[in-house]
**Student:** 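This is the structure I have questions about; it appears just below.
In what follows, every heavy atom counts, from backbone to side chain, and hydrogens, waters and symmetry copies are set aside. Quick caveat: nothing in here was measured; it's all calculated off a predicted structure. Convention: sequence-line order gives letters A, B, ...; per-chain numbering from 1.
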Protein chains: 2
Amino acid sequence: MVKKTQDSGAGSTPQRTTLKDVARAAGVSHQTVSRAINNKGEIDPLTRQRVLDAARELRYRPSRFARGLVRPDMTTVGLIIPDVANPFYPELIAGVIEAANVRGWQVVVGSTQGDRDGELALVRSLGRQVDALIGFLTHTDAELAPHLEGLPLVVMDRHQSTAHGVVDVDVRPGLRQGLQHLIARGHRRIGMIDCANECGESRRDCFRAVTEELGLAVDNSWIVLGEESMAGGEAAFTDLRHRHPELTAVIGYNDLVAIGAFRAARRMGLAVPQDCALLGCDGLSIGELLDPPLSSVYIDKRRMGQLAMDQVDGLLSGTPTAPALLGTELLHRGSF
Amino acid sequence: MVKKTQDSGAGSTPQRTTLKDVARAAGVSHQTVSRAINNKGEIDPLTRQRVLDAARELRYRPSRFARGLVRPDMTTVGLIIPDVANPFYPELIAGVIEAANVRGWQVVVGSTQGDRDGELALVRSLGRQVDALIGFLTHTDAELAPHLEGLPLVVMDRHQSTAHGVVDVDVRPGLRQGLQHLIARGHRRIGMIDCANECGESRRDCFRAVTEELGLAVDNSWIVLGEESMAGGEAAFTDLRHRHPELTAVIGYNDLVAIGAFRAARRMGLAVPQDCALLGCDGLSIGELLDPPLSSVYIDKRRMGQLAMDQVDGLLSGTPTAPALLGTELLHRGSF
DNA sequence: TTGTATGCGTTATCAG
DNA sequence: CTGATAACGCATACAA
């Protein structure tokens, strides 16, 4: 019934239906349409209805951009994570969202799904939609810079940076406690499953540093690299145990691989912790589901989210907060 | 140095720094600033640098709204879930994000954190920032309507609606398979742990329907209501077992409560599945961590996300897709 | 290389 | 009750 008349210059692009289109269709001014749409009082119920009908007919949707331009704009923070399905992130996301809610802000979550190339693209596209970015990124500052265009960024974990906000995690305290405990229990032949890690101090280095500090000699053959997943953990453990049948304890890069190791151990007929003690890292709640539950270097993920938002806040307000360093502690469950 | 001159009517609000401010500070036109900011070629490297400096100095950030207004705008879909930390959602979120990526769209995730009142507020605030909404909502269409202002909405699961897009889950097929299996194994005294559920057909009703269909008489005392969490599952199981020590199998409202039941059973010295068989619902991957792993009515959560996005697509393009109904099947692991 | 003018879709102001 | 008209902040032809 309603015809899209005149102008529409190009003719190629579908042309979004606008307030004016509705106005034309309803035979009123665009201003009246605005009033109808926004439920303003000063309008004849009759015209109001007519306008609303026309709007529905034309499938009119107000442009959030035009609105944002006029109304006081809401702060929106983008959060980039490598993989939503990784159980490490949900809690962190919760922390970020909570911290945002407190400030009346919004959070846009994007996931690269492990696609390292997609990361930069996501930084770009998400970046132009938000006021600041929080990201678990694999690229360096230099690589990131051209895509940022001055957008405030907070880099999380495993990433060094002087140019941006930072929330880092120091696994050493928890790891130290864990190793001390193991040593106290007589463990000496301790292996580690490491994972690839583009930026920042690797956990392998932490492990090395702490074992050395505690007077444990660990050569490279005790550290095996695995994929960051349960399957990766299983494979790595099998490998490690094959190489060193005498091992009595294994540290996992994180809980995911530690759980993989747990399962591999089980399959090999090893009792945890009697035949082989296990220590994860992250302190995921799912570790509790194992029997015995997985001991782990606990990271307060919700807190991480809050700290990240504090960094954002500082960046946005022009008074940057000092880089945050989150400590860790041993979460003593049953796997050693 | 830079004075905010003239107009600026109100004078109260902090006034966002704009292109013009930078232009004034750098002594060029706002156009030149735009070129500098956007890395356009046609500009003297010197002025460029001067402008960039001024921009940094004034902490200039381009308005994403103004930009969106001018550039081809990217479709953004809001996703509202009750609780990010609930392991049911991450996979679904992944599905939604994937489906969005395929279309070159973005996803904004919001979580009500179980706050039922906050739900409406979130619908409002998130709603005005996106082109469409996907939501696990507890409110009825009528309650939602005034906050939607015509925004396309897709309601997920446990929610009836004629006014919006719908993705529903039919647990019956999987539940039927599960019960058939249990019955074949000789189970007759089967209990269920139910959870509160504002909208849609309750799983309790499903359970009733299927047991009846299979010729099993189940009176109310075999159905116990629990909180939707592991702790709730534990309490409910304890309660149920106390009431009916003769029970041989329990169906959980979802995997979370089923896992709780599992733990409670363990604590009571019951072997799963020998002393009590267990069946969950959702098919969460964490069910695999139990020993024996949790059997469950499997729901393809990634697929749910895709279906939701298909609904959105239909709504946005003006050719609504028929309501989606996702089937289920028995995921046979070890807990029965 | 740089500046001027115009339009994007809305809401707000102030006339009629 | 309704309709012009002016912002909002930015980008993009077009002119200088």
**Student:** Give the rounded distance in Å between these two atoms: CD1 of A:Ile37 and P of C:dG9.
**Tutor:** 15 Å

**Student:** Atom CG of B:Asp21 and atom P of D:dC8: how far apart are they, to the nearest Å?
**Tutor:**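 It works out to 11 Å between those atoms.
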
**Student:** Give B:Ile43 one of three labels, base, sugar-phosphate or nothing, depending on what nucleic acid heavy atoms sit under 4.0 Å from its own.
**Tutor:**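 Since only primed, P, OP1 and OP2 atoms lie under 4.0 Å of B:Ile43, the category is sugar-phosphate.
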
**Student:** Whole Å only: how far is the CG atom of A:Asn38 from the P atom of C:dT13?
**Tutor:** 14 Å

**Student:** How close or far is atom P of C:dT11 from atom CG of A:Asn39, stated in whole angstroms?
**Tutor:**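 Spelled out: CG on A:Asn39 to P on C:dT11 is 12 Å.
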
**Student:** Within the modelled atom types, does a donor on one side and an acceptor on the other bring the side chain of A:His30 and the base of C:dT11 under 3.5 Å apart?
**Tutor:** yes

**Student:** Which is more 5' along DNA chain C, the nucleotide nearest B:Gly27 or the one nearest B:Ala66? Just name the residue.
**Tutor:** B:Gly27

**Student:** Below the 4.0 Å mark, does D:dG3 have OP1 or OP2 next to a side-chain nitrogen or oxygen of A:Thr32?
**Tutor:** yes

**Student:** For a quick check under 3.5 Å, do A:Thr75 and A:Gln106 share a side-chain donor-acceptor pair by atom type?
**Tutor:**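 No, no side-chain donor-acceptor pair sits under 3.5 Å.
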
**Student:** Just the rounded figure in Å: distance from P of D:dG9 to CG of A:Asp131.
**Tutor:** 14 Å

**Student:** Does any donor-acceptor pair link the side chain of A:Arg61 with the base of C:dG9 at a separation under 3.5 Å?
**Tutor:**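 Result: no qualifying N/O pair found.
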
**Student:** Taking atom P of C:dG9 as reference, at what distance in whole Å does atom OH of A:Tyr60 sit?
**Tutor:**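 For the pair A:Tyr60 OH and C:dG9 P, the rounded distance is 10 Å.
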
**Student:** Of all the nucleotides listed (D:dC10, C:dT1, C:dT10), which has the minimum atom distance to the side chain of B:Leu19?
**Tutor:** D:dC10

**Student:** Which is it for A:Val109 and B:Val108 under the side-chain contact (heavy atoms from CB on, under 4.5 Å) test, yes or no, and what are the steps along the way?
**Tutor:** CA-CA 6 Å; A:Val109 182; B:Val108 185; over 6 Å; no

**Student:** Is it true that A:Thr321 and A:Asp310 share a donor-acceptor pair across their side chains at a distance under 3.5 Å?
**Tutor:**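 No, no side-chain donor-acceptor contact under 3.5 Å.
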
**Student:** State whether B:Arg50 and B:Asp53 are salt-bridged, where the test is any N-O pair (Lys NZ or Arg NE/NH1/NH2 against Asp/Glu carboxylate O) under 4.0 Å.
**Tutor:** no

**Student:** Taking 4.0 angstrom as the limit, do A:Arg64 and B:Asp131 come out as a salt bridge?
**Tutor:**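 Salt bridge present between A:Arg64 and B:Asp131.
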
**Student:** Is there a side-chain polar atom (N or O) of A:Thr18 under 4.0 Å from OP1 or OP2 of C:dC8?
**Tutor:**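 So the side chain of A:Thr18 is outside the cut-off, no N or O lying under 4.0 Å from OP1 or OP2 of C:dC8.
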
**Student:** Taking only the side-chain nitrogens and oxygens of A:Ser34, find out if one of them lies under 4.0 Å from OP1 or OP2 of C:dT10.
**Tutor:** no

**Student:** C:dT11, OP1 or OP2 - any side-chain N/O from A:Lys40 closer than 4.0 Å?
**Tutor:** no

**Student:** Using atom NZ of B:Lys20 as one end and atom C1' of C:dA5 as the other, report the distance to the nearest whole Å.
**Tutor:** 12 Å

**Student:** Determine: side-chain N/O of B:Arg67 to OP1/OP2 of D:dA11, distance under 4.0 Å, yes or no.
**Tutor:**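 So the side chain of B:Arg67 is within the cut-off, an N or O lying under 4.0 Å from OP1 or OP2 of D:dA11.
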
**Student:** Got a sec: does the CD of A:Gln49 have more than 12 other heavy atoms crowding it under 6.0 Å?
**Tutor:** yes

**Student:** Look at the side chain of A:Gln31 against the base of C:dT13 and say whether a donor-acceptor pair falls under 3.5 Å; ignore hydrogens and angles.
**Tutor:**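 Result: at least one qualifying N/O pair found.
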
**Student:** Between A:Phe65 (CZ) and C:dT10 (P), how many Å, whole number?
**Tutor:** 12 Å

**Student:** Could you please name the option among D:dT2, C:dG9, D:dG9 that lies closest to any side-chain atom of A:Ser63?
**Tutor:** C:dG9

**Student:** Assess whether one donor atom and one acceptor atom, taken from the side chain of B:Arg35 and the base of C:dG3, lie less than 3.5 Å apart.
**Tutor:** yes

**Student:** Between B:Val70 and B:Pro45, who's closer to the 5' end of DNA chain C by nearest nucleotide?
**Tutor:** B:Pro45

